[in-house]
Every structure is written in structure tokens, then in C-alpha cells.
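In what follows, a structure is listed as C-alpha cells, so that the remarks can point back to it.
Remember, it's 1-based here, ligands and their atoms both numbered in the order they're listed. For this chain, numbers begin at 1 and follow the sequence in order.
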Amino acid sequence: MTNELRWNPILGEWIIVAAKREKRPWRPNYCPFCPGSEETGEGWRVLVLPNRYPALRVDAEVASSSKDIYCVKPGYGYCEVVIETPMHEGDLCDLSLEHLKEVIDAFSQRYVELGRDPKIKYVFEFRNKGAAIGVSLHHPHSQIYALPFIPPRVKRELDNSRKFYKENGRCLFCRILELEYESKSRILYENADFTVFLPFFAMWPYEVHVYPRRHVQNLPMLTEEERYSLADALKVITKAYNMLFDMNLPYIMAVHQSPTDGGEYKYYHLHIEFYPPNRDANKLKYAAGIEWGAGVFTYDGLPEERAMQLKKAVNKALNDLKKKEGYKALGAMVQS
Ligand code: UDP
Ligand code: ZN
Ligand code: ZN
Ligand code: FE
């Protein structure tokens, strides 16, 4: 089975080439993630399994060889799935606070465990939701890619926050939080430890970032209490997303933590980003010509206006969570 990394010498980026992934089931009738299946068994609430069709593996074999500027390396690494609940349907907001905190603990543990492998430079944890995002399985789950390199998007964040730290003696993300608090117009929700906002520089229409207010670099650094606060923030924002257009909103959730390559990343700041593709209930924004072809995002409308819509959705979400499941949120919507 081929799992290799091919270097794009023009962009300076790795591409993961994995032959077996083509064979993964595409929205099958049976659910491999429901309890009682061959792999899942019974008696769990959150289950981490190796991905059966991994893009990366420790016994990776290459099919081609390096030639000149065409560089090839084994696709070394780990791919795992985090099955978040035995329930076949739902979103993060449908999990209890306790349960959602267990998911965060699983992310945290896997980050530590996989990051221990000296060949793993970055543990990337993410969640794909919805057909529009292209999920192959609907059962609520997240994924983990333990990579032998720092992914380029995170690399750019690291480079810019390192530079900011050098020049200003402080954290770029902490500064962003301050600026968002000065304006308040884009802050959607806050609890004791986390702030949820649509950033000034959003690329996707309803992009949302979740920042811990304490300057920490990764999930393992969060206290028990902060993990509950994070669970609360995730529960409220994913609920708000589903209230926004009164439909199940698709999204990508990406966790940005410090690399696991042994370096010092004091200047970095843990955060979670959500990118829903929708512009409204029926229209999607695509990364098309200008976005994908040139790498320049256009934002249709004003971030502050969309933030206002999201604030209303947060309000609705808080009411609905209280009414339907008696959930008392740990924080509150932020008025402009
Ligand atoms: N998968 C698995 N075991 C199975 C069936 C699927 O581990 O029995 C994996 C599959 O390889 C895929 C993931 O589950 O990576 C489902 O991921 P998702 O739908 O989020 O997106 P995909 O990775 O397919 O793009
Ligand atoms: Zn299922
Ligand atoms: Zn910071
Ligand atoms: Fe980020």
C-alpha cells in the first residue's frame, strides 16, 4: 500500500499520496461507527480508533522515488478517528457538557500520546460536518492526523506570531482578543475562560474563532475547569450555527495547537477555528478562482453584519438549550 509525501517545489508544500484511501466507504448504508460494529464494540461513550483507510501510516511504503527537485518521502504518521458518541446522529451541541469535555480530553490525550513519537512534528485535530463538506460518514466524529511536518497554514501562523512577539514582546492572539473586546461588535459569546468571535479578518462568511483567554499553547495545558469552559463554548456555538438558518449547518472545525517537534512555542496561542461554507441557507461560498487560484479571499457582506446575525443565533441557542434540555450555559452572549 502506497503512502508517500510528494514535495511541490513551486509552492513548497507536501502532498499526501495514499492509494488505499480511495477504497474507503462512501456514505454506506451500515454505519461502521455505531456501537456493536466489528470495530466499535459496546460500552463506550467516546472512542478513538485508528483510521481504517489512513492517509499516513508508520509502515508507509513509497511507490515512486525522488528525482532532482521531485522529492518523495514515506507518508509516515498516524490517522485516527474520534467517535464522539454512540448516537448515530447529531452535532457537538447535542452532547452533554460532561460528554463534550470527554471528547476534549480525548483530543488532549491523543495530542500528547502521538506527539511523543519523535518523528511526529504536528498533531492536527479537526472535525468535518455535513454533506457539503464532503464527509464520507455521518456518524458524529472528528479526525486526527499526526504529521511528520508542520502544516503550512499553521506554519504561517507560527511565523507571524513569532515575529509579532519579537517586535512587541507579547502574543499576537492575546492582542487580537484585546482588539475584539475594544470593538465588541464581533464577539458572540464568552464564559469565564473562552471567547467566541467572528474575527475582523474572517475569510468565510460565518467563520468563528474560539480563544482561551489564558495564554496557553495546547489542550493539555488547559485546567479541568477550562476544559468545561471550552466544552460550553463549543456547545453554544455549534448550537447557534444550527439555529442560524434553522438547519444543520455544515462546517470544518480546526484545532490549532503548538507543534510537537520539541521546539519552544511560547509565543503561540491555542485556538479553534470554524469554517462553515454557507453564505445563507441555500447558497455556498466556494474557494473558487480568486480564492483557490490566487489565494485571495473575498468576503461578501460585512463581518460585523454577519456577526450580528450570529449573536441573534447565540441568543436563540441559549434559550433553546435551556428549554429543551435544561442546559444552563456557563457564559452569556456579548452585547455590542
Ligand atoms: N473510516 C474508518 N473506518 C471505517 C470506515 C471509514 O476509519 O470502517 C474512516 C475513513 O477513512 C474516513 C473517516 O472514517 O477518513 C470518515 O471521515 P470523514 O467523513 O470526516 O471525511 P473523509 O476523511 O472521508 O474525507
Ligand atoms: Zn452510526
Ligand atoms: Zn496569547
Ligand atoms: Fe489559526
Side-chain angles (χ1 to χ4, degrees), residues 1 3 16 18-42 44-57 77-92 94 122 124-146 150-162 164 171-174 176-177 197-204 207-212 217-219 250-259 265 267-275:
M1 274 304 152
N3 291 76
I16 303 175
K20 195 184 173 188
R21 266 186 74 67
E22 223 183 13
K23 306 264 180 333
R24 73 187 187 280
W26 183 253
R27 299 177 189 167
N29 294 323
Y30 70 95
C31 177
F33 291 169
C34 268
S37 82
E38 186 189 332
E39 284 171 86
T40 56
E42 310 275 354
W44 49 272
R45 218 153 62 135
V46 177
L47 188 64
V48 181
L49 291 176
N51 193 316
R52 269 184 96 160
Y53 307 87
L56 302 159
R57 52 195 306 151
Y78 306 82
C79 290
E80 297 184 337
V81 292
V82 182
I83 309 172
E84 295 150 345
T85 164
M87 301 286 292
H88 182 66
E89 306 269 341
D91 198 343
L92 293 181
D94 300 311
Y122 198 86
F124 184 59
E125 305 182 306
F126 63 99
R127 183 173 208 276
N128 294 328
K129 179 198 161 193
I133 293 297
V135 294
S136 54
L137 294 175
H138 284 290
H139 192 115
H141 68 279
S142 296
Q143 294 198 50
I144 305 175
Y145 273 50
I150 300 173
R153 204 177 159 79
V154 175
K155 182 76 172 48
R156 282 172 73 181
E157 290 193 359
L158 291 166
D159 289 346
N160 284 315
S161 50
R162 187 192 309 108
F164 188 89
C171 164
L172 174 63
F173 299 87
C174 288
I176 287 171
L177 267 180
F197 60 103
L198 186 151
F200 172 75
F201 47 82
M203 299 168 103
W204 296 92
E207 179 167 338
V208 162
H209 292 197
V210 181
Y211 283 22
Q217 283 75 52
N218 47 53
L219 292 172
Y251 62 73
I252 296 165
M253 179 185 97
V255 184
H256 286 167
Q257 314 188 62
S258 50
Y265 293 97
Y267 54 84
Y268 198 56
H269 193 126
L270 160 74
H271 58 282
I272 296 179
E273 306 184 0
F274 284 89
Y275 330 114

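Contact detail for P28 and S136: the closest heavy-atom pair is CD-O, 3.9 Å.
A salt bridge links D159 with R162: the closest approach of a Lys/Arg side-chain nitrogen to an acidic carboxylate oxygen falls below 4.0 angstrom.
The distance from the Zn ion (ligand 2) to the nearest N/O/S atom of H138 is not under 2.8 Å. Taking 2.8 Å as the threshold, H209 does not count as a candidate ligand of the Fe ion (ligand 4), since none of its N, O or S atoms lies below it.
Among heteroatoms of the N, O or S kind in H88, ND1 lies nearest the Zn ion (ligand 2). Of all N/O/S atoms in H139, ND1 sits nearest the Zn ion (ligand 2). Within H256, ND1 is the N, O or S atom that lies nearest to the Fe ion (ligand 4).
Aromatic ring pairs are classed by plane angle as parallel below 30°, tilted from 30° to 60° and perpendicular above 60°; the pair F33 and H139 is perpendicular. The aromatic rings of F201 and H209 sit perpendicular, their planes meeting at an angle over 60°, well past the 30° parallel limit. A perpendicular orientation is assigned to the rings of Y251 and F274, their planes being inclined by more than 60° (bins at 30° and 60°). Using a 30° and 60° split on the angle between ring planes, F126 and F124 fall in the parallel class, below 30°.
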For R127 and I272, run side chain to side chain contact (heavy atoms under 4.5 Å, CB included): C-alpha distance rounded to whole Å, both residues' side-chain angles, the deciding distance at 0.1 Å, then the answer.
-> CA-CA 11 Å; R127 183 173 208 276; I272 296 179; over 6 Å; no
Show your reasoning for whether side chain to side chain contact (heavy atoms under 4.5 Å, CB included) applies to I144 and N51.
-> CA-CA 9 Å; I144 305 175; N51 193 316; over 6 Å; no
Are R24 and R21 close enough, and set up right, to give a side chain to side chain contact (heavy atoms under 4.5 Å, CB included), and what steps lead you there?
-> CA-CA 5 Å; R24 73 187 187 280; R21 266 186 74 67; 3.3 Å; yes
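Looking from atom 14 (O) of ligand 1 to the surrounding protein, the closest heavy atom is F33 CZ, 3.5 Å. Scanning the protein for heavy atoms near atom 17 (O) of ligand 1, the closest one is Q143 NE2, 2.9 Å. Of the protein's heavy atoms, S136 OG, 2.5 Å lies nearest to atom 24 (O) of ligand 1. For atom 9 (C) of ligand 1, the closest non-hydrogen atom on the protein side is N51 OD1, 3.3 Å. In this structure, atom 25 (O) of ligand 1 lies nearest to the protein heavy atom R24 NH2, 3.1 Å.
The N128 neighbourhood of ligand 1 comprises atoms 20 (O), 21 (O), with distances under 4.0 Å to a heavy atom of that residue. Under a 4.0 Å criterion applied to the non-hydrogen atoms of L137, ligand 1 contributes the atoms 5 (C), 6 (C), 14 (O), 19 (O). Below 4.0 Å from some heavy atom of R21 lie the following atoms of ligand 1, by number and element: 11 (O), 15 (O), 22 (P), 23 (O), 24 (O), 25 (O). Of all atoms in ligand 1, numbered sequentially from 1 with element shown, those under 4.0 Å from a heavy atom of V81 are 14 (O).
If you put the vertex on the Fe ion (ligand 4), OE2 of E273 and OE2 of E157 sit 120° apart, to the nearest 10°. Geometry about the Zn ion (ligand 2) gives an angle of 120° between SG of C31 and SG of C34, rounded in steps of 10 degrees.
Residue contacts with ligand 1, taken as heavy atom pairs separated by less than 4.0 Å, do not involve P54 at all. Of the heavy atoms in R52, both backbone and side-chain atoms come closer than 4.0 Å to ligand 1. Only the side chain of P32 comes within 4.0 Å of ligand 1, counting heavy atoms alone; its backbone N, CA, C and O stay farther away.
A heavy-atom separation below 4.0 Å is found between E39 and ligand 1. Taking a 4.0 Å cut-off on heavy atoms, H141 registers as neighbouring ligand 1.
Judged purely by atom type and a 3.5 angstrom limit, N3 uses its side chain to pair as donor or acceptor with the backbone of A55.
Y78 and E80 are not linked by any side-chain donor-acceptor pair at a separation below 3.5 angstrom, with hydrogens and angles left out of the test.
In this structure, Y145 has its ring center no closer than 6.0 Å to that of Y122.
Rounding to the nearest 0.5 angstrom, the gap separating the CE atom in M253 from the CD atom in E125 is 8.5 Å.
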